[in-house]
Amino acid sequence: MERNFQNIELLKKAIGKKYKRPIGTVSECSSLAKEITNCVQGEQISTKTVQRLWQQNKTNISIGILNILAKYLGYEGFYSAIEDLQEKESACKYFSHSLSVGKYKLHDAMIIVLSQNNYEMTPQALADSINEQNLYERNDKQPLPASQILQRIEIKKQYFSYDEKSNIVSLNPAHRRPEE
């Protein structure tokens, strides 16, 4: 696996989702550098390095820095991060029908998360995972509740089924990845 432009952009995109603030000005780069340094025990990243990545789009970044960025996201290192992020992105490409401004429609977010979890989850676990991955944003900016998952299942029965006895939401087989 390479440290190429696409892989670095994928890592930056994931960091942007986690950071949830713009990363364009020197002060924004400085804030991100401080947050990463505070979050990743025993590691430091400079404002200049963040600027090189976000303002200048440099790709000749050392593997050590890329590992720090991956650790900020909760991965062991750059290569494990890219492997996971590429897998998630490929699921998103197949299932997403409505990406706009980095957020999905709720049913698309549900499809993505269910595809990451053997196509079955409880409504609460599904809502929690969508919230953690920041895939869907309600108009009122509140976290997604499980009750909204159940409401969407009623609207989108062609995609989902719900077993009340087991409290499990399933992705219908017709909407699973073709290779499975």
Side-chain angles (χ1 to χ4, degrees), residues 1-96 98-106 108-118 121 124-146:
M1 189 173 308
E2 297 178 51
R3 289 183 278 166
N4 62 26
F5 178 77
Q6 290 87 3
N7 288 342
I8 292 172
E9 285 301 307
L10 193 58
L11 189 67
K12 287 169 50 179
K13 181 179 172 185
I15 289 168
K17 282 183 180 180
K18 178 177 179 173
Y19 188 61
K20 298 180 186 174
R21 293 185 296 266
I23 311 165
T25 67
V26 174
S27 65
E28 291 163 350
C29 290
S30 177
S31 293
L32 177 58
K34 287 176 188 172
E35 181 167 321
I36 292 170
T37 299
N38 290 335
C39 288
V40 182
Q41 292 278 330
E43 301 286 357
Q44 288 188 336
I45 190 166
S46 71
T47 300
K48 290 280 186 202
T49 298
V50 174
Q51 284 179 280
R52 284 178 46 226
L53 272 164
W54 269 269
Q55 292 180 329
Q56 300 169 11
N57 287 319
K58 299 286 183 182
T59 57
N60 59 339
I61 304 299
S62 75
I63 191 66
I65 294 297
L66 295 172
N67 284 335
I68 293 170
L69 295 172
K71 288 176 185 177
Y72 171 69
L73 294 171
Y75 295 100
E76 288 182 27
F78 175 71
Y79 296 112
S80 61
I82 294 304
E83 186 175 308
D84 185 58
L85 293 170
Q86 284 176 339
E87 184 177 312
K88 286 178 182 174
E89 186 176 79
S90 72
C92 293
K93 282 181 182 174
Y94 178 73
F95 290 111
S96 176
S98 60
L99 183 60
S100 66
V101 198
K103 302 291 179 197
Y104 294 91
K105 288 188 175 181
L106 180 53
D108 286 331
M110 291 167 61
I111 291 169
I112 291 165
V113 171
L114 285 167
S115 72
Q116 297 167 350
N117 293 279
N118 293 324
M121 298 176 80
Q124 187 61 57
L126 183 53
D128 290 345
S129 187
I130 290 169
N131 288 329
E132 286 170 16
Q133 293 184 48
N134 199 26
L135 295 174
Y136 173 77
E137 186 174 281
R138 291 168 39 126
N139 290 337
D140 64 5
K141 309 292 187 215
Q142 295 299 309
L144 173 68

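Heads up: numbering here begins at 1 and tracks the sequence.
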Residue pair E43 / T37, side-chain heavy-atom distance below 4.5 Å: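 They are not in contact (no side-chain heavy atoms under 4.5 Å apart), so the answer is no.
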When you compare the side chain of I130 with that of L106, does any pair of heavy atoms fall below 4.5 Å?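 Result yes, sub-4.5 Å side-chain heavy-atom pair found.
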Which value, rounded to the nearest 0.5 Å, describes the distance between [X] atom [atom1] and [Y] atom [atom2]?
X	Y	atom1	atom2	result
I61	R52	CD1	CZ	4.0 Å
M110	L135	CE	CG	12.0 Å
L53	E9	CG	CD	8.5 Å
L126	N117	CG	CG	8.5 Å
Q116	M121	CD	CE	8.5 Å
Q6	K13	CD	NZ	13.0 Å

Closest heavy-atom pair and its distance - [X], [Y]:
X	Y	value
V113	S129	CG1-OG, 3.4 Å
Q55	T25	NE2-C, 3.4 Å
T47	S30	OG1-CA, 3.3 Å
A127	L144	CB-O, 3.6 Å
A81	L11	CB-CD1, 4.2 Å

Kindly indicate, with the supporting measurements, whether the criterion side chain to side chain contact (heavy atoms under 4.5 Å, CB included) is fulfilled by F78 and I68. CA-CA 8 Å; F78 175 71; I68 293 170; over 6 Å; no
Just jot down the side-chain contact (heavy atoms from CB on, under 4.5 Å) partners of K48, sequence neighbours excluded, or say none.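 Expected list: S46, Q51.
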Partners meeting side-chain contact (heavy atoms from CB on, under 4.5 Å) with Q142 (sequence neighbours left out):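 Expected list: R138, D140.
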Kindly determine whether L32 and W54 satisfy side chain to side chain contact (heavy atoms under 4.5 Å, CB included), including the steps that lead there. CA-CA 11 Å; L32 177 58; W54 269 269; 3.9 Å; yes
Evaluate I82 against I8 for side chain to side chain contact (heavy atoms under 4.5 Å, CB included), listing each step before the verdict. CA-CA 8 Å; I82 294 304; I8 292 172; over 6 Å; no
Which side-chain hydrogen bond (donor to acceptor under 3.5 Å, both in side chains) pairs, counting each pair once, include a residue from residues 65-78, with sequence neighbours left out?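 Every side-chain hydrogen bond (donor to acceptor under 3.5 Å, both in side chains) pair that includes a residue of residues 65-78, provided the two are not neighbours, is E35-Y72, Y75-D84.
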